[in-house]
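Here the structure is laid out as structure tokens; the discussion comes afterwards.
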Amino acid sequence: MKVDGRPYRTIWLNADGWGVDIIDQRWLPHEFRIVTLRSVGEAATAIRDMWVRGAPLIGATAAYGLALAMREDPSDAALVAARDKLAATRPTAINLRWALDAVRKRLAPLAPHARAAVACAEAKRIADEDVEINRAIGRNGLKLLRRLAESKKPGEPINILTHCNAGWLATVDYGTATAPIYLAMEDGLSVHVYVDETRPRNQGASLTAWELTHHGAPHTLIVDNAGGHLMQHGLIDMVIVGSDRTTANGDVCNKIGTYLKALAARDNAVPFYVALPSPTIDWTVRDGVKEIPIEERDADEVNFVQGRGDDGAITRVRIAPEGGRAANPAFDVTPARLVTGLITERGVAEASPQGLKTLFPERV
Ligand code: MRU
């Protein structure tokens with residue numbers, strides 16, 4: 001993705017080779033800040049406090065976090081401690097544990113002195129692979145968009161609704177839900193994106209709208225509750241969202257509110273697609289509602305909103321009375337029966353054990 005004409009990924013090795021640079025997403029869309037992580041503690045803070053977020057990017061950051069840990073201390077005990085520290089940061093997105101397990105498996109048989117360099121190479125491999133996977137998701141999603149374009153009058157855009165940020169900022173590059181949109185634009189298709197603001201943290205308003213603006217993608221920001229109304233009036237051709245964890249049955253866990261969009265889509269016969277890389281599939285889990293741990297975040301995220309004041313300062317304002325209770329489950333599960341299809345790097349699968357088995361015969 002380009003920011004002001006310059007291509008960026010969302011995470012990369014610092015030029016001095018001793019740190020990992022990230023975009024600190026807490027300040028977007030108001031300020032584009034890059035920070036350098038120099039220790040496993042800093043990597044854990046960046047994930048837990050959502051300087052970086054989005055399932056694939058959390059995974060890549062955790063992998064680099066292990067590399068930073070190995071530079072400090074490459075012992076067996078430090079490897080286990082670093083893995084546990086990073087794994088405890090966010091419970092729902094499975095990419096985090098997937099990336100940590102991949103790096104740890106690679107490092108465990110090595111002599112300690114060899115671990116830091118290999119961990120770094122492995123983290124870079126995971127990041128590069130994410131970019132390739134997302135490009136492939138984009139190509140597979142593009143086929144669906146081309147088919148939709150055939151039913152449109154010349155110049156009439158395909159209207160896509162998305163929730164949260166499953167874009168470039170949630171991955172290393174391209175995004176998952178946004179990859180088909182970006183490829184469609186390159187392909188000359190006319191697309192328009194309705195962006196859910198995505199309370200409580202507003203990743204749609206602050207991140208998706210920002211990256212679509214930088215990419216020149218036509219879009220309209222809407223409040224979370226508007227989607228059903230737009231669908232009833234024929235204004236949405238397709239929903240594409242991301243996933244934090246998809247079960248072997250095809251249930252999809254994603255940002256809170258995704259389930260309600262899927263219900264509205266079903267009621268209005270709007271196709272509901274989920275774009276996801278295969279590391280987001282948890283092959284050990286079948287029933288998403290019963291088995292996926294849902295992150296409960298701080299009530300402050302519900303009681304306050306962050307924005308830029310008229311004086312130009314980024315500030316937080318309270319929107320609920322002092323002393324009241326607020327609950328903040330960060331994700332929900334959309335059952336497979338409400339999902340039209342899963343757009344993966346290997347193709348579009350039916351959201352079912354059979355559908356996933358067809359694309360990933362080695363896994364099921
Ligand atoms: O809490 P967040 O911002 O990490 O939640 C992100 C999402 O729910 C995304 O939709 C999901 O991680 C898919 S990212 C390609």
Side-chain angles (χ1 to χ4, degrees), residues 1 10-11 22-26 28 46-62 89-99 127 130-131 133-138 141 161-182 193 195-208 210-211 224 239-246 252-262 272-282 288 292-298 301-302 306 328-334 339 342-345:
M1 253 278 307
T10 54
I11 188 164
I22 57 159
I23 298 161
D24 185 345
Q25 300 186 20
R26 292 172 302 166
L28 288 172
I47 298 170
R48 192 190 53 240
D49 295 347
M50 294 179 68
W51 307 10
V52 290
R53 25 66 53 204
L57 181 56
I58 291 172
T61 309
T89 50
R90 298 197 69 190
T92 303
I94 195 64
N95 307 56
L96 174 67
R97 266 148 284 268
W98 168 84
D130 181 62
V131 180
I133 286 176
N134 296 335
R135 233 185 250 145
I137 288 173
L161 175 80
T162 193
H163 190 66
C164 193
N165 174 262
W168 163 68
L169 287 163
T171 64
V172 179
D173 208 344
Y174 288 99
T176 60
T178 50
I181 296 165
Y182 293 151
V193 187
V195 180
D196 282 351
E197 62 178 345
T198 319
R199 276 283 284 151
R201 288 184 68 99
N202 290 324
Q203 291 95 325
S206 59
L207 304 178
T208 305
W210 180 81
E211 74 169 76
D224 292 325
V239 180
I240 314 182
V241 297
S243 171
D244 287 85
R245 200 188 290 214
T246 297
V252 173
C253 183
N254 191 52
K255 180 54 56 193
I256 193 80
T258 303
Y259 172 47
L260 290 178
K261 293 296 131 71
F272 183 93
Y273 282 94
V274 180
L276 66 135
S278 57
T280 300
I281 304 171
D282 186 345
I292 296 178
I294 300 294
E295 178 178 10
E296 184 73 33
R297 294 187 61 86
D298 199 307
E301 291 182 352
V302 179
Q306 175 175 292
N328 189 8
F331 300 94
D332 61 26
V333 173
T334 299
V339 177
L342 303 170
I343 310 172
T344 76
E345 70 270 26

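Just so you know, these numbers come straight off a predicted model, no measurement behind them. When a ligand or atom number is given, it counts from 1 through the structure's own listing order.
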Close side-chain approach of [X] and [Y], heavy atoms under 4.5 Å:
X	Y	answer
Thr10	Asp173	no
Ile256	Phe331	no
Asn254	Thr334	no
Thr258	Val252	no

A student comparing Leu276, Asp130, Asn254 should find that the heavy atom closest to atom 10 (O) of ligand 1 comes from Asn254
Could you report the tightest heavy-atom contact between [X] and [Y], atom names first, then the distance?
X	Y	result
Ile47	Ala62	CD1-N, 3.9 Å
Arg199	Val302	NH2-O, 2.7 Å
Arg26	Asp49	CD-O, 3.8 Å

Would His163 count as a contact residue for ligand 1, given that I'm defining contact as a non-hydrogen atom of the residue lying under 4.0 Å from a ligand atom? no
- Message: Less than 4.0 Å is my threshold; does some heavy atom of Ala93 fall inside it relative to ligand 1?
- Response: no
Assess the residue pair Thr92 and Ile292 against the criterion (side-chain contact (heavy atoms from CB on, under 4.5 Å)); give the C-alpha distance rounded to whole Å, side-chain angles, the decisive distance to 0.1 Å, and a yes or no.
CA-CA 7 Å; Thr92 303; Ile292 296 178; 4.0 Å; yes
Just let me know how [X] lines up against ligand 1, side chain, backbone, both or neither, with a heavy-atom cut-off below 4.0 Å.
X	answer
Cys164	side chain
Arg90	side chain
Arg201	neither
Thr280	neither
Gln203	side chain
Ser243	backbone

Do ligand 1 and [X] have nitrogen or oxygen atoms that lie under 3.5 Å from each other?
X	value
Arg53	yes
Thr171	no
Gly242	no
Ala166	no

When you look at Thr208 and Gln203, which way does the side-chain contact (heavy atoms from CB on, under 4.5 Å) test go after all the steps?
CA-CA 7 Å; Thr208 305; Gln203 291 95 325; 5.7 Å; no
Quick one: which ligand 1 atoms are inside 4.0 Å of a heavy atom on [X]?
X	answer
Met50	1 (O), 2 (P), 3 (O)
Asp244	7 (C), 8 (O), 9 (C), 11 (C), 12 (O)
Ala55	12 (O), 14 (S)
Lys255	1 (O), 2 (P), 5 (O), 8 (O)
Phe331	1 (O), 5 (O), 8 (O)
Ala170	14 (S), 15 (C)

- Would you sort out whether Glu211 and Met1 count as a side-chain contact (heavy atoms from CB on, under 4.5 Å), showing the intermediate values? CA-CA 8 Å; Glu211 74 169 76; Met1 253 278 307; 4.0 Å; yes
The closest protein heavy-atom partner of atom 15 (C) of ligand 1 is Thr176 OG1, 3.1 Å
Evaluation steps, side-chain contact (heavy atoms from CB on, under 4.5 Å), between Thr344 and Ser278
CA-CA 7 Å; Thr344 76; Ser278 57; 5.8 Å; no
* Asked: Is the shortest side-chain N to carboxylate O distance from Arg245 to Asp282 below 4.0 Å?
  -> yes
